[in-house]
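Data block below; observations after.
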Amino acid sequence: MDRQQVAEAFEEMADLLEFRGEEPFKVRAYRRGAEAVRRSPEELAVLRGEGRLHELPGIGKALEEKIGELLDRGTFRALEELKRSVPAGMEELLAVPGLGPKTAARLYRELGIKDRAGLAAALEQKRLRDLPGMGERREQQLREALAARERLTSRHPLSETLPLAEALVEEVRRLPGVRQVAVAGSIRRFRDTTGDIDLVAEAADPEAVGRAFAASGRVSRVLALGEVRARVILAEGIQADLWAVAPGGFPAALHHATGSKNHSVRLRSLARQLGLTLNEYGIFRGEESLAVRSEEDIYRHLGLPFIPPELREDSGEIEAALAGQLPELLNPADILGDLHVHTDWSDGQRSVDEMAAAARELGYRYLAICDHSRSLGVAHGLDGERLARQREEIAAVNAAHPEFRLLAGVEVDIRMDGSLDLPDAVLAQLDFVTASIHAGLGADRAIQTRRLVRAMENPHVDAIGHPTGRILGRREPYELDLEEVVAAAARTGTALELNAQLSRLDLSTEHLRLARERGVQVVVNSDAHGVEGLRNMVFGVRSARRGWLGRAQVRNARPWTAD
DNA sequence: GCCGTTTTCGGCCCGACTGTTTTCAGTCG
């Protein structure tokens with residue numbers, strides 16, 4: 001069992017406990033345990049072997065034992081017992097928005113409803129409205145939720161939600177009386193997938209802004225509309241929340257809406273220990289409101305340094321802040337070059353010269369041309385001879401611009417056996433070699449891992465491109481033992497790419513943190529296929545920040561030296 | 001079930017919104 005599966009077992013346990021009406025804090029303990037397991041930088045079996053499972057935050061004696069059982073048998077006794085006492089369809093019922101454990105338990109007890117089909121039938125027969133505390137509107141609400149649930153996938157890739165969020169910001173900005181507006185939530189934290197879009201606006205008449213937003217042509221359905229919050233489903237099928245607050249309330253509201261929930265819970269708990277109350281309106285000592293003119297003020301009142309949004313996941317940032325050990329995170333201005341771009345020699349749209357000019361305009365000191373190698377026929381991959389000719393073009397640019405260094409590189413294909421698509425003699429003549437997998441994506445874990453490790457053992461390979469191959473929302477990562485890959489990267493001194501394309505963001509946050517802990521260099525690359533693509537870099541920087549990376553860990557945040 | 005610069009027991013974040021009530025329970029983030 002891997003971390004994901006253990007986490008899912010704990011989440012299932014939490015759902016079942018909730019249905020049974022157990023102590024909410026016990027439910028939360030399982031949820032928190034699931035989070036901790038999912039985010040563990042190390043394999044559970046390794047931690048267990050070393051007796052260090054309890055070092056994960058939220059894993060105590062009981063959960064430690066259950067992880068042991070899960071690793072040995074794939075399940076644990078308490079879960080098996082609970083499963084026997086709860087109808088099998090209950091989890092899908094609890095997944096219906098607006099239908100929680102209390103209602104689910106009642107529906108089961110009083111109407112014998114035990115799955116979604118049963119709920120649909122009962123709604124059809126209008127049997128819910130006769131229960132005390134239920135009514136026609138509640139039936140209608142559930143009917144809509146059930147229908148929406150069929151359509152909506154729960155999370156959306158950032159590549160979809162970020163542009164949409166930015167478009168919404170512009171629309172809200174134009175609503176009457178709006179003074180400022182910003183994207184919050186998981187998009188601001190730059191999670192690679194997001195469940196909804198969160199916006200915060202400040203206006204003289206906040207309620208009117210919420211109403212205007214809900215009435216916008218982009219909205220297909222209004223879920224809730226109150227004094228401070230409008231919650232809607234957009235035409236795209238994505239949920240959007242707008243918090244609208246009165247002048248002065250912006251920083252506290254932005255902080256609240258940015259979350260994460262777990263980060264906020266920890267901060268509020270910290271506030272309570274200090275005799276303070278933290279909520280979306282500010283921070284209070286009794287009746288007295290403490291000054292909050294910026295998010296920094298909130299942290300200052302709690303005795304903490306500012307924690308950037310990308311770190312707010314309760315994955316160690318609060319402990320680090322308390323200890324004065326928050327990392328110095330990478331900034332866009334730290335990026336001195338881009339080590340992975342394509343040109344019209346392969347599948348790019350622009351010439352070598354045009355890409356170099358665009359890079360100089362961005363203030364870069366160097367740029368590596370890394371077109372595809374020959375086996376990628378669809379991309380007009382280059383062989384040794386064409387690469388040699390391309391090098392002449394690169395040399396001409398370098399002669400004309402001595403202050404800027406254009407590097408001759410390649411994105412060489414890694415074959416099934418881990419050998420490379422170009423001979424060593426060709427690779428030896430290049431400044432920067434990125435090796436990537438583009439075919440044989442379905443090979444098993446051992447083969448994929450071996451492929452990457454062997455590629456890294458080639459002394460000419462400087463970096464591994466998009467190491468896990470995922471395309472967010474479309475393609476799962478290859479089967480891969482990432483820990484072994486990271487270990488090999490450390491051993492061979494190979495950098496791992498953080499591919500900045502929004503649809504990739506590969507490596508993921510967790511993998512970046514692992515690379516950091518193991519002392520592996522990361523190279524943040526745009527993988528641009530045109531001039532505009534160079535601007536992907538900012539996405540890469542924000543992802544790098546989520547992985548706690550600073551200049552020291554990022555290859556292209558340092559001047560170019562051939563090493 | 002977890003956890004400890006108040007605690008090894010007794011806490012565990014805080015408020016918006018809805019529907020069905022007339023002061024609140026349930027759900028959500």
Side-chain angles (χ1 to χ4, degrees), chain A residues 10 13-14 17-18 21-36 53-67 76 78 94-107 128-142 144-145 154 184-186 189 194-198 206-207 210 214 222-232 239-245 252-253 255-284 302-303 314 318-319 322-323:
Chain A
F10 283 169
M13 185 73 185
L17 287 171
E18 202 167 30
E22 298 282 338
E23 179 68 32
F25 296 109
K26 192 164 163 179
V27 174
R28 206 174 90 188
Y30 275 99
R31 295 240 155 86
R32 187 148 186 259
E35 272 301 307
L53 276 172
H54 65 273
E55 287 177 16
L56 297 174
I59 302 296
K61 202 162 182 293
L63 289 189
E64 184 164 10
E65 274 171 23
K66 287 175 174 101
I67 292 172
F76 57 96
L94 289 174
V96 176
L99 178 56
K102 296 274 170 55
T103 310
R106 264 193 83 193
L107 293 181
L128 265 60
R129 62 183 61 179
D130 299 329
L131 296 180
M134 298 269 191
E136 272 182 63
R137 298 193 58 126
R138 190 89 176 90
E139 275 188 349
Q140 186 53 29
Q141 203 183 40
L142 283 171
E144 284 173 14
S154 53
S186 52
R189 302 198 313 276
T194 63
D196 62 1
I197 294 174
D198 294 295
E207 204 175 339
V222 178
L223 295 177
L225 181 58
E227 284 176 43
V228 302
R229 199 186 66 201
R231 169 166 291 166
V232 304
Q239 182 176 318
D241 286 6
L242 172 69
W243 273 266
V245 297
H255 185 267
H256 168 78
T258 297
S260 66
K261 184 175 184 292
N262 289 342
H263 179 83
S264 296
V265 166
R266 288 291 306 278
L267 289 189
R268 286 169 183 176
S269 166
L270 208 56
R272 174 177 275 269
Q273 285 172 29
L274 297 170
L276 304 173
T277 304
L278 174 64
N279 60 30
E280 55 259 64
Y281 302 106
I283 188 160
F284 304 86
L302 297 175
D314 188 24
I318 291 172
E319 290 78 4
L322 284 167

In whole Å, I'd like the distance from the [atom1] atom of [X] to the [atom2] atom of [N].
| X | N | atom1 | atom2 | answer |
| --- | --- | --- | --- | --- |
| Leu142(A) | dG26(B) | CG | C1' | 12 Å |
| Ile59(A) | dC3(B) | CD1 | C1' | 13 Å |
| Leu128(A) | dG26(B) | CG | P | 15 Å |
| Gln273(A) | dT5(B) | CD | P | 8 Å |
| Arg231(A) | dG19(B) | CZ | P | 13 Å |
| Met134(A) | dG26(B) | CE | P | 10 Å |
| Glu22(A) | dG1(B) | CD | P | 9 Å |
| Glu18(A) | dG1(B) | CD | C1' | 15 Å |

Side-chain (Glu139(A)) to main-chain (Leu128(A)) donor-acceptor, under 3.5 angstrom: yes

Across the strands shown, which category fits Pro132(A) at heavy-atom distances under 4.0 angstrom: base, sugar-phosphate, nothing? nothing

Need one value for Glu136(A): base, sugar-phosphate or nothing, where a base atom within 4.0 Å counts as base even if backbone is also close, heavy atoms only. sugar-phosphate

Encode nucleotides 8-18 of chain B as B, S and - characters from 5' to 3', where the letter depends on protein heavy atoms closer than 4.0 Å: B to the base, S only to sugar-phosphate, - to neither. ----BBBSSSS

What are the two closest non-hydrogen atoms of [X] and [Y], and how far apart are they?
| X | Y | value |
| --- | --- | --- |
| Ser260(A) | Asp314(A) | OG-N, 4.4 Å |
| Gly58(A) | Arg32(A) | CA-NH1, 3.6 Å |
| Leu94(A) | Ala104(A) | CD2-CB, 3.8 Å |

Expressed in whole Å, how much space separates the [atom1] atoms belonging to [N] and [M]?
| N | M | atom1 | answer |
| --- | --- | --- | --- |
| dT7(B) | dC12(B) | P | 16 Å |
| dC13(B) | dG4(B) | P | 14 Å |
| dG1(B) | dT8(B) | C1' | 14 Å |
| dC17(B) | dT23(B) | C1' | 16 Å |
| dA16(B) | dG11(B) | C1' | 25 Å |
| dG15(B) | dC9(B) | C1' | 29 Å |
| dA25(B) | dG10(B) | P | 26 Å |
| dT22(B) | dT18(B) | C1' | 15 Å |

Going by heavy atoms in the side chains, are [X] and [Y] under 4.5 Å from each other?
| X | Y | answer |
| --- | --- | --- |
| Asn279(A) | His256(A) | no |
| Arg28(A) | Pro24(A) | no |
| Leu63(A) | Leu56(A) | no |

Starting at CH2 of Trp243(A), measure out to OG1 of Thr258(A) and round the result to the nearest 0.5 Å. 9.0 Å

Taking for each residue the nucleotide of DNA chain B with the nearest heavy atom, is it Gly100(A) or Leu131(A) whose nucleotide lies nearer the 5' end? Leu131(A)

Residue whose closest nucleotide on DNA chain B lies nearer the 5' end, Pro101(A) versus Ala29(A): Ala29(A)

Under 3.5 Å for both donor-acceptor distances, Watson-Crick or wobble: does dC28(B) have a partner, and if so which one? dG15(B)

